[in-house]
Amino acid sequence: MTISTKRRTFLTGSLASMALTVAPLVTHAEGKDKFDWSKTYDVIVVGSGGAGLSAAVAAAQNKASTVVIEKMDIIGGNTRITGGAFNAVDPVEQEKEGIKDSVELHAEQTLKAGDYRGNPELVKEFTKRAPEALQWLKDCGVVFLPGVYQVYGGLHPRAHSSNKPFGLGYIEALENKCKELNVPILLNTKVVRLIREGNLTGRVIGVEVLTKRGKTQFLRAVKGIVIASGGFSANPQARALHDPRLYDLPTTNHKGATGDLISPAQDIGAEVVGMDYIQLLPGGATTGRFIGMVSPVESVIFVNKNGDRFVAEDNRRDVIADAILGSPTKVVFGIRDADGYAAMNKGATKAFNGAFEIGDAVKADTLDELAAKLQIPAENLKKAVDTYNKAVDEKKDPFGRNPKMLIHKIEKGPFYAGRLTMAVHHTMGGLAINPRAQVMDRHGKPIPGLYAAGEVTGGVHGTNRVGGNAVAEIFTIGKIAGENASKD
């Protein structure tokens, strides 16, 4: 990707201006009595997305007094706007469809897709406990649709979706659970400092926060703090620090995904891993935001501005990203027929329907009409569809699509297209954690009293995230973090 003049100018500036939000250098307690603690809790959770709410509920279920601190004016973080696919082995649902799976296969696919740069023990713990987290969410009130499917970049049909659009089914259920367990959620409250007994030694004992009214408060944690504040996909400076190509790209994330707590954790000794592992996702060409076109994989093909297919749509996300970035104009089109449109989940359908207003979603009764609206050669588009439909019949795709994903022809009108470009979607690096979700220091030792879960962490996905693993990870590792913090 060519670096623009704006980006070059940016890169010649001070590296300090590119860093994640940095807390004051003095981060240690200098004695527990030096702080006027406003309130004391057993567990403090920073962030109210899926990871944070899971940690809070799990801690409260273990009888720990718990609070959630959220800098935004609404809960949910990226989980609120996610596609919602949750990867987990589920023998009951998978066997109904003749799908063979195991937690070992899930772990191996996760490690391999990430070029074996993920932490093997952490990956194995995640995939082993994802089915447990799935059932736990059901017990917490999340209603899942029957069946499983393969989400874009998912590599295997093990994705589950809730019965509500995006991630609302998860957030609403866990918010209700927080209310039931008397867990307060403090909105418009920003954590600006993590407080440790010594600068690089001892327990993490509390946080300094800035309230909506600009007042500084100190909150004490008797047992543990869980950082679940999300990644930095919406922070162009931080992205460019680790990959200069990404400064000008749009993002699929909410505006609060700026990685605020990574640097403060580093200031008290936390280690980070994989910070330059940043995943891109096809979003709407106008804004880069999620428009729902890419999943389920079995009912979509991608074509470029010439109307030609150019990649196996079930490939790794990084492979597809490179192919799209290497295509003419870096804008491509996802194509579905009427049955493929019907196969999208509620959140994807809602996002796609909303994209009609800005021209990123297109509908036509025939492929000729669709090509005209997309301004691509009709003959090439029809040839691409015909060749693909033949591949479905023969179970052999010239681009190497898995035969299991060659099950849905594109032949029934009306036809649908989404204008797509690459957007920054997921930062796979972050705070190093162990399988107990403890944050690790620079010497490979757990920092007492400090836990983390979700996109603020690294070590699960390696260089490339499997589709559907992030939602599963935030709830699985979030639950682990809350449970262990409450016992610390």
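- A salt bridge is defined here as a Lys NZ or Arg NE, NH1 or NH2 lying under 4.0 Å from an Asp or Glu carboxylate O, and Glu132 with Lys479 meets this definition.
- Around atom NZ of Lys177, more than 12 heavy atoms belonging to other residues, nucleotides or ligands sit under 6.0 Å away.
- Of all heavy-atom pairs between Leu155 and Val466, the closest is CD1-CG2, 3.9 Å.
- Side chain of Asn78 to backbone of His254: a donor-acceptor contact under 3.5 angstrom is found.
- Looking at Gln217 and Trp37, their side chains never come closer than 4.5 Å, going by heavy atoms from C-beta outward.
- The shortest heavy-atom contact between Val142 and Ala173 is CG2-CB, 3.6 Å.
- In this structure, Phe290 and Thr82 have side chains that are not in contact, with every pair of non-hydrogen atoms separated by 4.5 Å or more.
- Checked by atom type and distance alone, the side chain of Glu93 never pairs as donor or acceptor with a backbone atom of Val148 at under 3.5 Å.
- Residues Val67 and Val183 fail the side-chain proximity criterion, which asks for heavy atoms closer than 4.5 Å.
- To the nearest 0.5 Å, the span separating CD1 on Ile185 from CD1 on Ile75 amounts to 4.5 Å.
- Salt-bridge formation is detected for the pair Arg316/Asp115: a Lys NZ or Arg NE/NH1/NH2 atom is positioned less than 4.0 Å from an Asp or Glu carboxylate oxygen.
- A distance-only check finds a donor-acceptor pair linking the side chain of Asp360 to the backbone of Thr286 [under 3.5 Å].
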| Are Met293 and Phe352 close enough, and set up right, to give a side-chain contact (heavy atoms from CB on, under 4.5 Å), and what steps lead you there? | CA-CA 7 Å; Met293 168 52 66; Phe352 185 76; 3.3 Å; yes
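- Here the CD1 atom belonging to Ile268 is positioned 11.0 Å from the CZ atom belonging to Arg193, to the nearest 0.5 angstrom.
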| said: Checking Leu187 against Met72 for the side-chain contact (heavy atoms from CB on, under 4.5 Å) test, could you report, in this order, the C-alpha distance in whole Å, the side-chain angles of both residues, the deciding distance, and whether it holds? | reply: CA-CA 6 Å; Leu187 299 178; Met72 307 300 288; over 6 Å; no
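- Considering every non-hydrogen atom in both Asp260 and Pro264, the closest pair reads O-CD, 3.0 Å.
- Remark: the backbone N or O of Asp42 is paired with a side-chain donor or acceptor of Ser65 at under 3.5 angstrom.
- Using a 4.5 Å cut-off on side-chain heavy atoms (C-beta onward), Val209 and Phe218 make no contact.
- No option in Asn469, Thr476, Thr110, Thr127 other than Asn469 meets the side chain to side chain donor-acceptor pair (under 3.5 Å) test with Asn87.
- Without hydrogens or angle criteria, Glu455 side chain to Thr427 main chain gives a donor-acceptor distance under 3.5 Å.
- Atoms CD and SG, on Glu175 and Cys140 in that order, are 13.5 Å from each other to the nearest 0.5 Å.
- Panel note: side chain Thr66, backbone Ala64; a donor-acceptor pair is recorded below 3.5 Å.
- With salt bridges taken as basic N to acidic carboxylate O contacts below 4.0 Å, none links Arg158 and Asp90.
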| Where do Ser486 and Asn62 land on the side chain to side chain donor-acceptor pair (under 3.5 Å) test, with the steps shown first? | CA-CA 7 Å; Ser486 67; Asn62 280 346; 3.0 Å; yes
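- In Lys223, the NZ atom is crowded: over 12 heavy atoms of neighbouring residues, nucleotides or ligands sit closer than 6.0 Å.
- The line from CE of Met440 to CG of Leu431 is 12.0 Å long, rounded to the nearest 0.5 Å.
- Checking His461 against Arg117 by side-chain atom types alone, no donor-acceptor pair falls below 3.5 Å.
- Checked by atom type and distance alone, the side chain of Glu70 pairs as donor or acceptor with a backbone atom of Ser48 at under 3.5 Å.
- Classified by interplanar angle (parallel below 30°, tilted 30° to 60°, perpendicular above 60°), the ring pair Phe126/His106 is perpendicular.
- Using a 4.0 Å cut-off between charged side-chain N and carboxylate O, Glu125 and Arg129 make a salt bridge.
- Side chains of Asp139 and Gln135: a donor on one and an acceptor on the other come within 3.5 Å.
- Of all heavy-atom pairs between Pro448 and Arg196, the closest is CD-NH2, 4.0 Å.
- Using a 3.5 Å distance cut-off with no hydrogens or angles, the side chains of Ser295 and Tyr149 do not pair a donor with an acceptor.
- No donor-acceptor distance shorter than 3.5 angstrom exists from the side chain of Asn188 to the backbone of Lys212, with no hydrogens or angles considered.
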| query | So Leu281 and Tyr152, side-chain contact (heavy atoms from CB on, under 4.5 Å) or not? Walk me through it. | reply | CA-CA 9 Å; Leu281 187 74; Tyr152 165 76; 3.1 Å; yes
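- Here the shortest heavy-atom pairing between Val297 and Gly153 reads CG2-N, 4.3 Å.
- The structure places OH of Tyr416 at 8.0 Å from CG of Asn353, a figure rounded to the nearest 0.5 Å.
- Taking the charged nitrogens against the carboxylate oxygens, Asp488 and Arg203 do have a contact shorter than 4.0 Å, which makes a salt bridge.
- A salt bridge links Asp243 with Arg245: the distance from a Lys NZ or Arg NE/NH1/NH2 to an Asp or Glu carboxylate oxygen falls below 4.0 Å.
- A donor-acceptor pair under 3.5 Å is formed between the side chain of Lys71 and the backbone N or O of Gly256.
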| request: Could you walk me through whether Ser162 and Lys138 pass side chain to side chain donor-acceptor pair (under 3.5 Å), step by step? | output: CA-CA 10 Å; Ser162 80; Lys138 294 177 182 178; over 6 Å; no
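- Contact of the Met428 side chain with the Gln279 side chain is registered, since non-hydrogen atoms from C-beta on lie closer than 4.5 Å.
- Looking at Phe144 and Asn163, their side chains never come closer than 4.5 Å, going by heavy atoms from C-beta outward.
- Side-chain atoms of Thr457 and Ile477, non-hydrogen and from C-beta on, never get closer than 4.5 Å to each other.
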| query | Can Tyr277 and Asp318 be said to form a side chain to side chain donor-acceptor pair (under 3.5 Å), step by step? | reply | CA-CA 10 Å; Tyr277 301 155; Asp318 56 343; over 6 Å; no
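- A donor-acceptor distance shorter than 3.5 angstrom exists from the side chain of Arg442 to the backbone of Gln266, with no hydrogens or angles considered.
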| query | Checking side-chain contact (heavy atoms from CB on, under 4.5 Å) for the pair Leu137/Leu174: CA distance, chi angles, key distance, verdict? | reply | CA-CA 8 Å; Leu137 285 170; Leu174 291 176; 4.3 Å; yes
| query | Can you check side chain to side chain donor-acceptor pair (under 3.5 Å) on Asn484 and Arg436, steps first, answer last? | reply | CA-CA 7 Å; Asn484 289 324; Arg436 296 189 72 245; 3.2 Å; yes
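- The closest side-chain heavy-atom distance from Phe475 to Thr79 is below 4.5 Å.
- Here Phe333 and Phe302 keep their ring centres 6.0 angstrom or further from each other.
- For an aromatic pair to be called close, the ring centres must be under 6.0 Å apart, and Phe232 with His242 satisfies this.
- In terms of heavy-atom proximity, Ala85 sits nearest to Val151 at CB-CG2, 3.8 Å.
- Thr252 OG1 to Arg289 CZ: the interatomic distance, rounded to the nearest 0.5 Å, is 7.0 Å.
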